[in-house]
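Heads up: the structure comes next, in structure tokens.
Note: hydrogens, waters and symmetry copies are ignored here, and every other heavy atom, side chains too, is used. Computed from a prediction, not measured in an experiment: that's the story for all the values here.
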Amino acid sequence: MTQIKRIITGTIEENCYIIYQEKKALIVDPGDEFVSIKKELDELKVTPVAILLTHTHYDHIGALEEVRKTYSVPVYVSDLEQAWLANPVLNLSIHTGHPFTAEPAEYEFELFKTYGIEGFKFKVVPTPGHSPGGVSFIFDDFVVSGDALFKGSVGRTDLTGSDSEALLKGIKEQLFTLSDDMLVYPGHGESTTIGDEKRTNPFF
């Protein structure tokens, strides 16, 4: 059975997720605090097999290189944001006082493809708007939505490459078409369900 663990990282409390089963794990958005991520992996007794990025803003990639190098695992990212990893202006780290870059991702996602990685199965769908290459990962009974859909809110659209119309369209077409009881794990804040957001999210 696939399980998911949230780790809150960094000054703006980004959600990094460990998705795990049978002693293996996927790391989604290792934003900061590698020590905390490693501690959780050790406690769960799981080994990472890949890193998945919903998008490449600094608060989601701050511990990327430490995770990649420590565990020798590949990184997957949208082709639209591959170059952002190496650009402190685009990944917004220029504004933090500690600009940084990351090495290129080993793989670029194919949209709408169902991936099978070391026994993990998930579908990648486009949910741009917060950033151009934003994606969400749909597993059997939950979706990781990055900074697209939050509990009671949606991602900011006042940043470089943001598009509010694209954001709402992507959420409606790719996420709100999922079952109402599907759990949503966002890039910040608490989890929710598709049904709750369709009924109560003020942006819709």
Side-chain angles (χ1 to χ4, degrees), residues 1-10 12-21 25-31 50-57 59-61 76-81 84 92 109-117 120-204:
M1 179 183 172
T2 303
Q3 296 177 272
I4 185 167
K5 178 79 176 183
R6 176 175 69 145
I7 305 169
I8 301 172
T9 79
I12 58 175
E13 301 188 330
E14 177 267 352
N15 291 335
C16 167
Y17 293 103
I18 299 174
I19 299 169
Y20 63 100
Q21 63 186 24
L26 300 173
I27 310 294
V28 179
D29 291 356
I51 300 167
L52 313 180
L53 301 178
T54 62
H55 65 300
T56 59
H57 286 153
D59 55 316
H60 291 254
I61 62 168
Y76 291 73
V77 73
S78 164
D79 64 330
L80 297 176
E81 293 186 27
W84 290 38
L92 305 182
F109 286 122
E110 291 181 45
L111 296 178
F112 305 108
K113 176 178 176 177
T114 297
Y115 280 79
I117 299 175
F120 294 96
K121 187 178 179 184
F122 60 94
K123 184 179 181 182
V124 178
V125 298
T127 46
H130 175 66
S131 65
V135 293
S136 295
F137 309 125
I138 303 171
F139 289 79
D140 282 345
D141 52 4
F142 64 85
V143 56
V144 181
S145 62
D147 285 3
L149 179 64
F150 298 125
K151 181 179 177 68
S153 189
V154 297
R156 289 176 59 178
T157 55
D158 59 344
L159 304 167
T160 301
S162 293
D163 181 332
S164 58
E165 285 187 22
L167 181 68
L168 299 181
K169 182 173 185 285
I171 292 169
K172 287 177 184 175
E173 293 181 355
Q174 306 304 331
L175 303 183
F176 281 2
T177 49
L178 301 172
S179 64
D180 280 1
D181 59 355
M182 181 75 85
L183 287 164
V184 180
Y185 291 98
H188 301 268
E190 298 297 323
S191 60
T192 182
T193 66
I194 292 295
D196 282 349
E197 296 316 304
K198 284 162 67 175
R199 285 188 296 272
T200 66
N201 193 302
F203 287 86
F204 298 95

Which atoms form the tightest heavy-atom contact between [X] and [Y], and what is the distance?
X: Gly129; Y: Thr157; result: O-CG2, 3.7 Å
X: Phe150; Y: Gly187; result: CE2-N, 3.9 Å
X: Thr177; Y: Glu173; result: OG1-O, 2.9 Å
X: Thr160; Y: Pro132; result: O-CD, 4.5 Å

Please report the interatomic distance [atom1]([X]) to [atom2]([Y]), rounded to the nearest 0.5 Å.
X: Ser136; Y: Ile171; atom1: OG; atom2: CD1; value: 8.0 Å
X: Leu26; Y: Tyr20; atom1: CG; atom2: OH; value: 13.0 Å
X: Arg199; Y: Asn201; atom1: CZ; atom2: CG; value: 12.0 Å
X: Lys172; Y: Leu167; atom1: NZ; atom2: CG; value: 10.5 Å
X: Leu183; Y: Phe139; atom1: CG; atom2: CZ; value: 13.0 Å
X: Thr127; Y: Leu168; atom1: OG1; atom2: CG; value: 12.0 Å

Checking Glu197 against Phe203 for the side chain to side chain contact (heavy atoms under 4.5 Å, CB included) test, could you report, in this order, the C-alpha distance in whole Å, the side-chain angles of both residues, the deciding distance, and whether it holds? CA-CA 9 Å; Glu197 296 316 304; Phe203 287 86; over 6 Å; no
Test side chain to side chain contact (heavy atoms under 4.5 Å, CB included) on Ile138 and Gln174 and set out the steps. CA-CA 10 Å; Ile138 303 171; Gln174 306 304 331; 5.9 Å; no
Hey, is Glu165 close enough to Lys169 for a salt bridge, meaning N to O under 4.0 Å?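 Judged by the 4.0 Å cut-off on N to carboxylate O distance, Glu165 and Lys169 do not form a salt bridge.
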Does a sphere of radius 6.0 Å around CD in Glu190 hold more than 12 heavy atoms from other residues, nucleotides or ligands, not counting ones at 6.0 Å or beyond? no
Using a 6.0 Å cut-off, check whether atom CG of Asp158 has over 12 heavy atoms from anything other than its own residue.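 Enclosed.
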What is the ring orientation for [X] with [Y], classed by angle as parallel under 30°, tilted 30 to 60°, or perpendicular over 60°?
X: His55; Y: His60; result: tilted
X: Phe137; Y: Phe109; result: tilted
X: His57; Y: Trp84; result: tilted

If you define the side chain from C-beta out and look only at heavy atoms, does anything of [X] sit under 4.5 Å from [Y]?
X: Pro126; Y: Phe112; result: yes
X: Leu175; Y: Val184; result: no
X: Val144; Y: Ile19; result: yes
X: Leu53; Y: Pro30; result: yes

Is there a donor-acceptor pair under 3.5 Å between the side chain of [X] and the backbone N or O of [Y]?
X: Thr193; Y: Asp196; value: yes
X: Glu14; Y: His188; value: no
X: Ser162; Y: His130; value: yes
X: Arg156; Y: Asp147; value: no
X: Asp29; Y: Cys16; value: no
X: Tyr17; Y: Pro186; value: yes
X: Asp181; Y: Gly195; value: no
X: Tyr115; Y: Glu110; value: yes

Against Asn15, only a single residue in Ile8, Thr54, Asp59 fulfils side chain to side chain contact (heavy atoms under 4.5 Å, CB included); can you say which?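 It is Ile8, the one option of Ile8, Thr54, Asp59 that forms the side chain to side chain contact (heavy atoms under 4.5 Å, CB included) with Asn15.
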Glu81 side chain to Ser131 side chain, donor-acceptor N/O pair below 3.5 angstrom: yes
Could you walk me through whether Lys198 and Phe204 pass side chain to side chain contact (heavy atoms under 4.5 Å, CB included), step by step? CA-CA 7 Å; Lys198 284 162 67 175; Phe204 298 95; over 6 Å; no
Step-by-step side chain to side chain contact (heavy atoms under 4.5 Å, CB included) determination, Val125 to Leu111: CA-CA 5 Å; Val125 298; Leu111 296 178; over 6 Å; no
